[in-house]
*Asks:* 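Please read through the structure below; I'll follow up with questions.
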Amino acid sequence: MFHLIEQKLRQHFAAFLSSAYSNDAAIVVEQPKQSSFGEFALPVAFSLARQLRKAPRAIAEELASKIPAIEGVAALEAAGNGYLNVRLDRGHYASLLLHAAASSQAQAPGKVIVEHTNINPNKAAHIGHLRNSVLGDTFVRMLRASGRQVEVQNYIDNTGVQVADVVVGFHYLEKKSPADVAALISQPRFDYYCWDLYARTSQYYGSHPEAVQWRRDTLHSIEHGEGEIAELAHMVADAIVECHLNTMLRLGIVYDVLPRESEILHLKFWAKAFDQLKERQAIYFVEDGKNKGCWVMAAAHFRDAVTGDEGDDDAKVIVRSNGTVTYVGKDIAYQMWKFGLLGLDFHYKPLRAYPNGHQAWVATDEACDLPAPAFGRGSEVYNVIDSRQSYLQDVVVAGLRALNYEQQADRSIHFSYEMVALSPRTCVELGIPLSEEDKKRPYVEVSGRKGLGVKADDLIDKLIEKAKAEVDSRHPGKAEDERTRVATQIAIGSLRYFLLKFTRNTVIAFDLQEALSFEGETGPYVQYAAVRARNILRKLAERGETLPDFSTLTPEVLRRQLAAEDFWQLLLAASKSGAALDSALSAGEPSHMARYAFQLAQAFNAFYHDYPILAEENPEKRTFLLWLAVYFKEQLDHTLEHTLGIPVPDYM
RNA sequence: GGGCCCGUAGCUCAGUUGGAUAGAGCGUCUGGCUUCGAACCAGCAGGUCGGGGGUUCGAGUCCCUCCGGGCCCGCCA
């Protein structure tokens, strides 16, 4: 509601300034530094000062007296050295909130595609992957909450080097047959097994350089899709994907479609993109020099300043001299498909039906009988990929631009974020050996090749264990499975909030102790506020009472009650979820949404402490306080569950 | 050598896109449970916003420069 009033205010001032001063500058509406100044502050007098050659303060006073009355605004005051502060009519505003019908938001045209997770299917997911998925999933929820149609894609690189390395491990190091591996897959935590095997294989290359030939042979077999090696690769990749989907489902993260690299190749996506790139001369064949025999994209396409003239050496190789295509090449084809620019489509088959009924599909190269939804053909594409790959993302966008797909290039957004590293303290705790140099660093980078990192499932297990101990001590009377469910919800809230509270370009130095904290600015703190609101209503029901009739809360009554600053500030904060969503979306920062939820919880916890609602004896005030609690609960529940993907437990 | 990111309280981080007296959490210290359960609340202490220039009514925010740290720049992905 808050942002609607803000919009109205902006329009009102724009119209007035346009007619009175012929000034058409955009109106800036801020929130005052101190709440005692009112609800909005307009620094408009400062920008008018130059035009009118008058002191800002005098202009602000003039505006305050001359501007026509605005419905719902109680006062307009000049303040400071030229601010114009706006005070809302509290009764009017609250009445709007009380009677607001759940406005069904008009669906914006066009489909947004969000690609996230994209974990190499060769080992267990780790904490860094969780940041990607939680950021992506939350952004998806935010877009949907704002009325956008969104498709969630999880790209599977099932033919790459990383899968090949694990296959090398199984085939050459462990001499395992497909039947042996199938037996392993049926055991729990196959992804953990591969985590170790991948590290072992990488290590083996280090001490046996000649083994790299195994990798080459394996990649070749995978690409041609034949023989035992190719079969192993498929088995491993498919099984690990299942593990990843299970891990993500624990956090409430689901997908619509999983495009795969194998299909990009088999269905000639790349061949078609290659033709277009050649035809439009986005890439060229190199006759000489270090890139001899390759098809490359000139550096000028993806770099601002090119120092050299030709710069073949700076060019990005798209097709190797042996004729195989690089990852970026395939990514260009994939990006084209996302926008419906390729004139080709995958076939699809159902991959899994989620508990909530949602169906995920996976790309295949042969048609199946079941009709799949129309995937791809997006009008906007967000790729959630860590910032270390920004160079490659630039190349992909440059590819679109070089093909004259300017609009699609502009709407290809690298939703980047910094990596998750480990705090030195946590490395020690996990038994990771550190050099003297590393111990002095603020953080240590994780490495899949070395097997260094915190596995996602381990972390989730630890969080559940910790939460369970807390729940057990507080609610010994509740049933075991119920306590486990609540503990799981708390663990999810804790983890999702932890990964969201940092802005995207902050490197997270993951610290186990910090992540396991449930106090202060954490998910459980916010959940606790929602649970407290819930408790009040449950207690009311236990006393045999029902909620009073809120229609007795007339604007006059509301105005009277909201004269109390504490109540007004809580109501105001709770009414800002739409504004918070708008600003979080325009900034592309899920962290803003998380912080809003935290601030709202803070406001409620203070309110809860100071005003025992059920003990209130004045009937009018009691009714009002109950409505306030109900309104707060609705807003926080919605923000947590719908937008942030954080469940609200029944009790804590 | 080129590109991107970071530097704000003891620690970890925000800072509404240039606005009023720079804010949270943790930690330290002090106080508050008669159950709408304290995973909470209240209070104290803590800052030359890395340094130096500049732009203007106004800079943590924009520009230049220097210092310190990180990440990329492969016929890996």
Side-chain angles (χ1 to χ4, degrees), chain A residues 28-34 37 41 43 46 49-50 55-56 79-83 85 118 120 157 160-162 215 261 290-296 299 303-307 314 316-322 324-328 330-331 386-392 394 416 418-419 421 423 441-443 445 467 470-471 474-475 490 494 501-503 505-509 511 514 517-522 524-525 527-529 531-540 542-543 579-580 583-584 586-587 591-592 595 598-599 602 605-606 608-616 629 651-652:
Chain A
V28 175
V29 180
E30 299 168 1
Q31 289 176 47
K33 212 71 185 167
Q34 287 178 39
F37 291 163
F46 295 109
R50 210 164 305 150
N81 48 2
Y83 275 94
N85 290 340
N118 299 7
N120 266 304
D157 179 10
V161 176
Q162 295 212 20
R215 175 199 270 172
E261 187 169 87
K290 77 165 192 178
N291 291 331
K292 181 178 178 183
C294 297
W295 286 87
V296 304
R303 281 198 189 127
D304 303 332
V306 191
T307 43
D314 286 348
K316 175 64 194 168
V317 172
I318 305 296
V319 179
R320 302 181 185 102
S321 54
N322 68 3
T324 57
V325 58
T326 59
Y327 178 83
V328 197
K330 286 174 271 196
D331 219 16
D386 83 71
S387 63
R388 285 172 292 191
Q389 295 196 48
S390 61
Y391 164 69
L392 295 174
D394 288 347
S416 75
E418 284 289 342
M419 64 176 169
S423 74
R441 290 166 182 265
Y443 49 79
E445 201 173 346
E470 299 282 341
V471 175
R474 284 157 218 248
H475 303 281
I490 292 168
S494 170
K501 74 183 200 181
F502 302 93
T503 51
N505 54 17
T506 298
V507 175
I508 299 181
D511 187 84
E514 197 189 323
S517 163
F518 294 161
E519 285 161 21
E521 196 195 336
T522 66
Y525 175 94
Q527 289 172 313
Y528 191 54
V531 165
R532 284 176 137 182
R534 198 164 283 199
N535 284 347
I536 295 171
L537 303 179
R538 187 178 49 227
K539 210 74 183 180
L540 186 78
E542 279 171 11
R543 293 184 184 186
S583 87
S586 68
S591 67
H592 289 1
R595 274 177 196 279
F598 173 67
Q599 284 161 10
Q602 250 182 337
N605 274 331
Y608 177 92
H609 183 264
D610 290 341
Y611 304 94
I613 296 176
L614 297 181
E616 177 56 50
Y651 54 85
M652 281 178 77

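Chain identifiers are assigned alphabetically (A, B, ...) following the order of the sequence lines, protein sequences preceding nucleic acid strands; residue numbering begins at 1 within each chain.
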*Asks:* Whole angstrom is fine here: how far is it from CZ in A/R441 over to C1' in B/G69?
*Replies:* 10 Å
*Asks:* Of the nucleotides B/C13, B/G25, B/C36, which has the atom closest to the A/R595 side chain?
*Replies:* B/C13
*Asks:* Could you check which nucleotide pairs with B/A24 in any of the strands shown, counting Watson-Crick or G-U wobble with both distances under 3.5 Å?
*Replies:* B/U12
*Asks:* Would you kindly give the OH-to-P distance between A/Y443 and B/G68, to the nearest whole Å?
*Replies:* 16 Å
*Asks:* Does any nucleotide pair with B/A77 by Watson-Crick or G-U wobble geometry, both distances under 3.5 Å, and what is it?
*Replies:* none
*Asks:* Among the candidates B/A20, B/C72, B/C36, find the nucleotide nearest to the side-chain atoms of A/A41.
*Replies:* B/A20
*Asks:* Between atom CD in A/E519 and atom P in B/C11, what is the gap in whole Å?
*Replies:* 22 Å
*Asks:* Could you measure between the two P atoms, the one in B/A9 and the one in B/A22, and give it in whole Å?
*Replies:* 15 Å
*Asks:* If you go through the side-chain atoms of A/N605, does one of them form a donor-acceptor pair with the base of B/A39 closer than 3.5 Å?
*Replies:* no
*Asks:* For nucleotides B/C36 and B/C41, find the distance between their C1' atoms and express it as a whole number of Å.
*Replies:* 15 Å
*Asks:* Identify, between A/V325 and A/L614, the residue whose nearest nucleotide on RNA chain B lies closer to the 5' end.
*Replies:* A/L614
*Asks:* A/R474 has an atom CZ; how far is it from atom P of B/A38, in whole Å?
*Replies:* 10 Å
*Asks:* Is any side-chain heavy atom of A/D157 closer than 4.5 Å to a side-chain heavy atom of A/N118?
*Replies:* no
*Asks:* Quick one: on RNA chain B, does A/M652 or A/R543 contact a more 5' nucleotide (nearest heavy atom)?
*Replies:* A/R543
*Asks:* Taking atom C1' of B/G3 as reference, at what distance in whole Å does atom NZ of A/K316 sit?
*Replies:* 15 Å
